[in-house]
Amino acid sequence: MNDSGLIPQQSWVNLASLAFGVTTLHDPSNLNSAIFTQAEMQRAGLVLGPRIYSTGTILYGARTPYTAVVDGLDDALAHLRRQKAEGAISVKSYQQPRRDQRQQILEAARQTGMMVVPEGGALFQNNMTMVVDGHTTVEHALPIAEVWDDVKQLWGQQATGYTPTLNVGYGGLDGEHYWYAHTEVWKHPLLSRYVPRTVLEPRAVRRETAPDEDFNILRVARTATQLSRAGVNTMIGAHGQREGLGTHWEMWMFVLGGMTPMEALRTATINPARNFGFDKDLGSIEPGKLADLVVIDGNPLADIRQSDRVVQVMQNGRLFDAATMNQLAPEARARKPLFFEGPDGKTMPIDGEALEAGHLGD
């Protein structure tokens, strides 16, 4: 989002995300100065990208530059009021060590009208107290791949949502590496259009591989499917991995875990909209809602792997060509080229020395 406090006038990360159909996002960890500035610029039409809602800077319980000391309700209220004043709709309760501290943040959220998304932290017992105490979500996967009826029955009676972030799931090989191993990510026609080659290829070309049974994330996805069917509001949480495409990977993994394609599509649309209170405006195509939709050259209900074949994206009534992110309607408008694009619109290798000198190489 930013570099040294500077907000780019045009971000290839934002363009890639929107091109893949991500019209709205909730960012559960960022810097106040970066994320809220970017969000306001997007709302004002100064930058093109998804709508942004965020916790801003996390309320960290450990001793770090982001430490948020919570020794009582007054402390918690001070933190939440500060974050709300800067633009947060939620806060990230990040590894506050004691349950009473986490509960004080929750009470402060009730008094200030905010939501609380806690860091799961790979601690199963803590995760269950987060559910019982009424957090908005549990962020990240449960640290155990299999759960039994006690967990399903308990969580299914609560309003707490589940964001297992399958791209980075705990306990073994994760989702991002699964898709590097199984697909030629660097050749994706949309991703390679917006992500600089020097960023994409080193990560994706020389990929590690393993048998499917070694990918613990598939077990995590099966458990998430079981929890979803037990009544838990389950959502994608791409964790910022692979600009836009990661949101599709998460849906695909839910299907590998046993969801139907329709169930998986809901994890990326209406489920998170309901979880964060946006469902009157977002999450489905209905009269009276904001005009957000994605046009796909395929049928993801027949094959969820076709969900990334995005042709056009509409955000708030503005229609864009996914391959170029030029606006098609209500009036045609070409976007400015990115700094690494050649005359043909394709990504060029980045010449670091040329950039230092203020121009691109041949």
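Under the 3.5 Å distance criterion, with hydrogens and angles disregarded, a donor-acceptor pair is assigned to the side chains of Asp212 and His182. Checking Thr160 against His135 by side-chain atom types alone, no donor-acceptor pair falls below 3.5 Å. Under 3.5 Å, the side chains of Tyr180 and Arg242 contain a donor-acceptor pair of N or O atoms. A donor atom on one side chain and an acceptor atom on the other are not found under 3.5 Å apart for Gln10 and Lys336. For Thr165 and His239, the side-chain atoms include no donor-acceptor pair closer than 3.5 Å. With 3.5 Å as the limit, one finds no donor-acceptor pair spanning the side chains of Ser192 and Lys187. For Gln153 and Gln157, the side-chain atoms include no donor-acceptor pair closer than 3.5 Å. When only modelled atom types and interatomic distance are considered, Thr129 and Asn126 share no side-chain donor-acceptor pair under 3.5 Å. For Gln42 and Asn14, the side-chain atoms include no donor-acceptor pair closer than 3.5 Å. Residues Asn32 and Gln83 bring a donor and an acceptor atom of their side chains to less than 3.5 Å of each other.
Annotation: Glu184, atom CD; neighbour count of heavy atoms from other residues, nucleotides and ligands within 6.0 Å is above 12. For CG of Asp150, the number of neighbouring non-hydrogen atoms (other residues, nucleotides, ligands) closer than 6.0 Å is greater than 12.
With respect to the salt-bridge test (charged N to carboxylate O, under 4.0 angstrom), the residues Arg98 and Asp100 qualify. Contact check on Arg102 versus Asp133 returns no salt bridge, with no Lys/Arg side-chain nitrogen under 4.0 Å from an Asp/Glu carboxylate oxygen.
Summarising the geometry of Val311 relative to Asp321, their closest heavy-atom pair is O-OD1, 3.6 Å, with the distance given to 0.1 Å.
Between Tyr178 and Phe215, the two ring planes are perpendicular [angle over 60°; tilted spans 30° to 60°].
Within the 4.5 Å cutoff, no side-chain heavy atoms of Phe276 are placed close to those of Tyr53. Using a 4.5 Å heavy-atom cutoff, the side chains of Gln9 and Val47 are not in contact. Residues Gln327 and Arg335 fail the side-chain proximity criterion, which asks for heavy atoms closer than 4.5 Å. Counting heavy atoms from C-beta outward, Thr23 and Arg51 have side chains that approach closer than 4.5 Å.
At distances below 3.5 Å, at least one donor-acceptor pair connects side-chain atoms of Glu263 with backbone N or O atoms of Thr260.
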